[in-house]
Trainee: 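The following block contains the structure, expressed as structure tokens.
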Amino acid sequence: MYIYKKRKTLYIYIKTIENFYFFIYMSFTPKKIEPGTLGFLKVALNDNKTHVYPIMKNQILICGREDSCDISIQNTNYISKIHFRVWCTQFDVSFDPICYIQDLSLNGTYIVNSKIDEMQKINKNQIKILEKGNTILFPHQLKMEKKDVKIKYVAYQHKDKQRSSSYENLRKNDSIEEIGDWKLNESVLGSGSFGVVFGCYQNANGLLACCKIINNVIVPIKKKDKKDIGYCTEFNIDYRKKHANKNPFHLRKIHKEKAILKDLNHPNIVKFYDSKLVLDSEEHTFENNYIYKYASYLIYQELGAGGDLFSFLINSKTNTLRLIEEEDAIVIIYQIMLALRYLHSKNIAHRDLKLDNIIMATPEPCTRILLTDFGISKKSKHSDMDNSEKGEMRLKTCVGTPEYTAPEVGNFHKDTIRDLIQEKLFKNKDSNSKQKDNEYTLKCDVWSLGILIYYLLTGKPFFGKENKIYEEKNNDEVTLVMLQCWIYRKIDNIIEVNNVSDSCLLFLKKILTIDINDRYSIEDCFKDEYIQDQLPVLEKIYQEKILSKRYEITPLKDKDKQIVRQKRPSKYCNEEIEESSEKENINPSSNLYKKMKKEENLM
């Protein structure tokens, strides 16, 4: 039994077998709301009964007339068996939560915004953002004076938290709210050192997207008494001298990110839609010689309505990362591998692969995964690294997030075991090696993949605050062999917190290998026995479940609207796997296959 506060009324709900929440109204104020509650759906029925359904972080509420729905509305044929679903995401506690609604019916769902007297229709598979106070209507209710069912979204405001990262504070420039066909909404999806990510939509077709806003971009205009210099090398040199060797955040850097994004087309990589440059009106003079302006650069790209993978893994009650089962993790891992294979085939190193840069279509394991943030990615004209005779792709810059970055990339001076590995690695560098001290290859992304896998299986970082592997030994006595053994032991210890298969642990060991020559490439990952044994099942899930229409957020064309009624989505979308394992080359002894069959039998 839980207690909810709403307008000085006490709601006590009891969860029954059918997942219904019944409320008793009382006249005094409650004191507690369950941790992780980001909003409510208030359902008013024509029998004068009102039920309130809490929307928990990263949990999906399903509404329809089936008994299995979280919100079951029966005795009417106008509502589909599975009509729509609702969920909330939140980047962190300093941001307001974002509530999404996705229609799964044949006739659509309507959202009414009473503040501006506006109503919009959501077509099948389309996703929209629910705003505070929005009312949800079914199609048959449009001609009814008295609605038989009224569903209202109520956003929960954490009054004890000051949301300093408001829309107005982060936007900074009023002129960027609506540019061309794009308009920002008030949802803040995330922020970082680069800037802020807002939700947005395209006026012409209602496409829901996100806008990455990079502020304070320096745009050199000209040098006094000289012609337009554009990206002036002299400006960069003088700027570095005055600002402690720091590079100006140059427009040229952002153009590189845009150029990489525009050239990519893969289901597991975020899609680029458009970009805009908004110059400030005021000119600035540097060293009394160069004239430049500040600008905001806007990149419009595909939205992951499920939030980032880091937020998905956070336990809302304890505010710590949680682990997920191997059978769920491998569906996510497989998609990240597909994205890396595509990037590496184009000689692109992402260089910042981490939980924060993986976004999800919906907040559930069996969903489409999207790789994003190509701000420090690098594209080379060299041949693929697997063909060393033609020349490996060599990278030099020490960039990335320290806890995820491969040791050969460089030393971040964080005094961790990761930096100890880096120091030993370059101290013991073979003089005959073709690889120079400051060079690394595409395999840096594979190491980051290994760190990410460890996070998924344990809910903990691979490199903690410790800086010694032996208490009795000085770090000067530690060798690379000892450090590699320490990594293997840490991987073996996963079994203490998660029931992981031996083949999975062996796969991870081959990824987190210090010696770059022995470490797997992304192609080696696909050839590993662990992936090969489960490849038929993974491909079936990927093609038939993850890439299905239900995960699209773009408006559907008229010809696509007549789609057969779908079953309720579940962890693996609850669709039947072929009985003949021989025909599909499915290994019936694999853990993933057994789990899927077990879930089918429970339905």
Trainee: So, are Glu523 and Arg341 salt-bridged, with charged N and O less than 4.0 Å apart?
Mentor: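 So Glu523 pairs with Arg341 through a salt bridge.
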Trainee: Test your reading of the model: is there a side-chain donor-acceptor pair from Trp87 to the backbone of Ala305, 3.5 Å cut-off?
Mentor: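 At least one qualifying donor-acceptor pair exists.
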Trainee: Using only atom types and a distance under 3.5 Å, with no angle test, would you say the side chain of Gln102 pairs donor to acceptor with the backbone of Gln126?
Mentor: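 Side chain of Gln102 to backbone of Gln126, a donor-acceptor pair under 3.5 Å: no, none is there.
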Trainee: Give the intermediate values and the outcome of side chain to side chain donor-acceptor pair (under 3.5 Å) for residues Ser72 and Glu66.
Mentor: CA-CA 6 Å; Ser72 182; Glu66 279 192 347; over 6 Å; no
Trainee: Is the closest side-chain heavy-atom distance between Ile127 and Leu303 below 4.5 Å?
Mentor: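 SC-SC contact between Ile127 and Leu303 ruled out.
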Trainee: Verify, without hydrogens or angle tests, whether Asn268 (side chain) and Ile336 (backbone) share a donor-acceptor contact under 3.5 angstrom.
Mentor: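 Checking the backbone N and O of Ile336 against the side chain of Asn268, no donor-acceptor pair under 3.5 Å is found.
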Trainee: Distance to the ring centre below 6.0 angstrom and angle to the axis at most 45 degrees; does that hold for Lys510 and Tyr520?
Mentor: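 Because its charged atom misses either the 6.0 Å distance or the 45° angle limit, Lys510 does not stack over Tyr520.
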Trainee: Only counting residues at least two apart or in another chain, list the ones meeting ring pair (Phe, Tyr, Trp, His ring centres under 6.0 Å) with Tyr542.
Mentor: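 Counting only residues at least two positions away or on another chain, Tyr542 forms no ring pair (Phe, Tyr, Trp, His ring centres under 6.0 Å).
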Trainee: Could you check whether any side-chain heavy atom of Leu323 comes within less than 4.5 Å of a side-chain heavy atom of Tyr455, counting everything from C-beta outward?
Mentor: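 No, too far: nothing below the 4.5 Å cut-off.
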Trainee: Nearest 0.5 angstrom please: Asn411 CG to Leu420 CG, how far?
Mentor: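 If I round to the nearest 0.5 Å, the distance is 9.5 Å.
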Trainee: Quick one about Asn58 and Thr89 (side-chain donor to acceptor, distance below 3.5 Å, no hydrogens or angles considered), yes or no?
Mentor: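 No.
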Trainee: Should Leu483 and Ile417 be marked as a side chain to side chain contact (heavy atoms under 4.5 Å, CB included) after you check the CA-CA gap, both sets of side-chain angles, and the distance that decides it?
Mentor: CA-CA 8 Å; Leu483 288 165; Ile417 292 179; 4.1 Å; yes
Trainee: Testing the basics here: between Phe374 and Ile269, what is the closest heavy-atom pair and its distance to 0.1 Å?
Mentor: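 In this case the closest contact between Phe374 and Ile269 is CZ-CG2, 3.7 Å.
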Trainee: Surrounding NZ of Lys271 (heavy atoms of other residues, nucleotides or ligands, distance under 6.0 Å), is the total greater than 12?
Mentor: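 For Lys271, atom NZ is crowded (more than 12 foreign heavy atoms under 6.0 Å).
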Trainee: May I ask you to decide whether Glu257 forms a salt bridge with Lys379, counting only side-chain N to carboxylate O separations under 4.0 Å?
Mentor: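 Answer for the salt bridge query: no.
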Trainee: Give the ring-plane orientation class for Phe463 versus Trp486, where under 30° counts as parallel, over 60° as perpendicular and anything between as tilted.
Mentor: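 Rings of Phe463 and Trp486: parallel, as their planes differ by under 30°.
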Trainee: Is the distance between the ring centroids of Tyr530 and Phe507 under 6.0 Å?
Mentor: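 Under 6.0 Å, so yes.
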Trainee: Taking all atoms of both residues into account, what is the closest heavy-atom pair of Thr405 and Ser448, and its distance?
Mentor: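 Answer, listing the atom of Thr405 first, then Ser448: CA-OG, 4.3 Å.
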Trainee: Indicate yes or no for a side-chain donor-acceptor contact from Thr367 to the backbone of Thr362 under 3.5 Å, with no hydrogens or angles considered.
Mentor: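 Yes, Thr367 side chain to Thr362 backbone: donor-acceptor pair under 3.5 Å.
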Trainee: Could you tell me whether Arg368 and Glu302 have a side-chain N and a carboxylate O separated by less than 4.0 Å?
Mentor: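 Between Glu302 and Arg368 there is a salt bridge, with a charged N closer than 4.0 Å to a carboxylate O.
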Trainee: Once rounded to the nearest 0.5 Å, what's the spacing between atom SG of Cys366 and atom CG of Asp328?
Mentor: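 Rounded to the nearest 0.5 Å, the SG-CG separation comes out at 9.0 Å.
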Trainee: Between Cys504 and Leu457, is any pair of side-chain heavy atoms under 4.5 Å apart?
Mentor: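 Result yes, sub-4.5 Å side-chain heavy-atom pair found.
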Trainee: Can you see which heavy atom on Pro54 is nearest to which on Thr37, and at what distance?
Mentor: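 Nearest heavy atoms, Pro54 then Thr37: CB-CG2, 4.3 Å.
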Trainee: Step by step, work out the side chain to side chain contact (heavy atoms under 4.5 Å, CB included) result for Leu371 and Leu343.
Mentor: CA-CA 10 Å; Leu371 183 55; Leu343 289 176; 3.7 Å; yes
Trainee: If you count heavy atoms of other groups shown closer than 6.0 angstrom to CD of Glu529, is the number above 12?
Mentor: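 Not more than 12 within 6.0 Å, no.
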Trainee: Using a distance-only test with no angle check, is there a side-chain donor-acceptor pair under 3.5 angstrom linking Tyr404 and Arg418?
Mentor: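 Result is no, nothing qualifies.
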Trainee: Show your reasoning for whether side chain to side chain contact (heavy atoms under 4.5 Å, CB included) applies to Tyr53 and Asp70.
Mentor: CA-CA 9 Å; Tyr53 298 81; Asp70 301 296; 5.6 Å; no
Trainee: Carefully, step by step, assess Ser105 and Ile82 under the rule side chain to side chain contact (heavy atoms under 4.5 Å, CB included).
Mentor: CA-CA 7 Å; Ser105 69; Ile82 305 295; over 6 Å; no
Trainee: Any chance you could measure Asn123, atom CG, to Thr109, atom OG1, to the nearest 0.5 Å?
Mentor: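 It is 9.5 Å, given to the nearest 0.5 Å.
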Trainee: Are Asp352 and Thr401 close enough, and set up right, to give a side chain to side chain donor-acceptor pair (under 3.5 Å), and what steps lead you there?
Mentor: CA-CA 6 Å; Asp352 199 17; Thr401 304; 2.8 Å; yes
Trainee: With a 4.5 Å limit on heavy-atom distance, are the side chains of Leu104 and His83 in contact?
Mentor: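 They are not in side-chain contact.
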Trainee: Taking the six-membered ring of Phe272 (Phe, Tyr or Trp), confirm whether the NZ or CZ of Lys258 is under 6.0 Å from its centre and within 45° of its axis.
Mentor: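 Relative to the ring axis of Phe272, which defines the angle, Lys258 lies outside at least one limit.
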Trainee: Under 3.5 Å, is there a donor-acceptor pair linking the side chains of Gln90 and Ser311?
Mentor: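 No pair is found: no donor N or O on one side chain lies under 3.5 Å from an acceptor on the other.
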Trainee: For the residue pair His350 and Leu353, what are the closest heavy atoms and their distance?
Mentor: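 So the minimum-distance heavy-atom pair works out to ND1-N, 3.4 Å.
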Trainee: Keeping the roles fixed (side chain from Asn493, backbone from Arg489), state whether a donor-acceptor pair exists under 3.5 Å.
Mentor: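 Flag set: sc Asn493 to bb Arg489 pair under 3.5 Å.
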Trainee: Is there a side-chain contact between Trp447 and Leu512 in this structure, where contact means two heavy atoms from C-beta onward sitting under 4.5 Å apart?
Mentor: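 Touching, per the 4.5 Å side-chain cut-off.
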Trainee: When you measure from the side chain of Lys212 to the backbone of Tyr300, do you find a donor-acceptor pair of N or O atoms at a distance under 3.5 Å?
Mentor: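 Checked: no pair found.
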Trainee: Is a side-chain N or O of Glu408 found less than 3.5 angstrom from the main chain of Ile516, in a donor-acceptor match?
Mentor: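 No.
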Trainee: So how far is it from Lys540 NZ to Glu544 CD, rounded to the nearest 0.5 Å?
Mentor: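 Rounded to the nearest 0.5 Å, the NZ-CD separation comes out at 3.5 Å.
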Trainee: Below 4.5 Å, heavy atoms only, C-beta onward: do Tyr342 and Ile348 meet side chain to side chain?
Mentor: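 No - every pair of side-chain heavy atoms lies 4.5 Å or more apart.
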Trainee: Would you call Arg85-Asp103 a salt bridge at under 4.0 Å N-O?
Mentor: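 Looking at Arg85 and Asp103, the cut-off is not met.
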Trainee: Could you tell me if the side chain of Leu425 sits less than 4.5 Å from the side chain of Leu480, heavy atoms only?
Mentor: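 Yes - at least one pair of side-chain heavy atoms lies under 4.5 Å apart.
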Trainee: Is it true that a side-chain atom of Arg351 and a backbone atom of Ile376 form a donor plus acceptor pair closer than 3.5 Å?
Mentor: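 Yes, the answer is positive, given that a donor and an acceptor are paired below the 3.5 Å cut-off.
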Trainee: Can you tell me if His344 uses its side chain to pair, donor with acceptor, with the backbone of Asp445 under 3.5 Å?
Mentor: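 Such a contact is absent between His344 side chain and Asp445 backbone.
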Trainee: Determine whether the side chains of Gln534 and Tyr334 contain a donor N or O and an acceptor N or O closer than 3.5 Å.
Mentor: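 No, no side-chain donor-acceptor contact under 3.5 Å.
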Trainee: Look up atom CG in Asp263 and atom NZ in Lys346, then write down how far apart they are to the nearest 0.5 Å.
Mentor: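 The CG atom of Asp263 sits 4.5 Å away from the NZ atom of Lys346.
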Trainee: If only atom types and distance count, is the side chain of Lys424 paired as donor or acceptor with the main-chain N or O of Asn475 below 3.5 Å?
Mentor: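 Yes, because the side chain of Lys424 sits within donor-acceptor range (under 3.5 Å) of the backbone of Asn475.
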Trainee: Does atom CG (Asp515) have a neighbourhood of more than 12 heavy atoms from anything else shown, all under 6.0 Å?
Mentor: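 More than 12 heavy atoms, drawn from other residues, nucleotides or ligands, come within 6.0 Å of this atom.
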Trainee: Would you kindly say whether Ser521 and Lys443 are connected by a side-chain donor-acceptor distance under 3.5 Å?
Mentor: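 No, no side-chain donor-acceptor pair sits under 3.5 Å.
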Trainee: If you look at every heavy atom in Cys398 and Gly410, which pair is closest and at what distance?
Mentor: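 So the two residues come closest at SG-CA, 3.7 Å.
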Trainee: Hey, could you give me the SG/CE distance between Cys525 and Met337, rounded to the nearest 0.5 Å?
Mentor: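 It comes to 5.0 Å.
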Trainee: So which atom in Leu309 and which in Met360 form the shortest heavy-atom distance, rounded to 0.1 Å?
Mentor: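 Heavy-atom minimum between the residues: CD1-SD, 4.0 Å.
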Trainee: Under a 4.5 Å cut-off applied to non-hydrogen side-chain atoms, are Thr513 and Tyr488 in contact?
Mentor: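 Touching, per the 4.5 Å side-chain cut-off.
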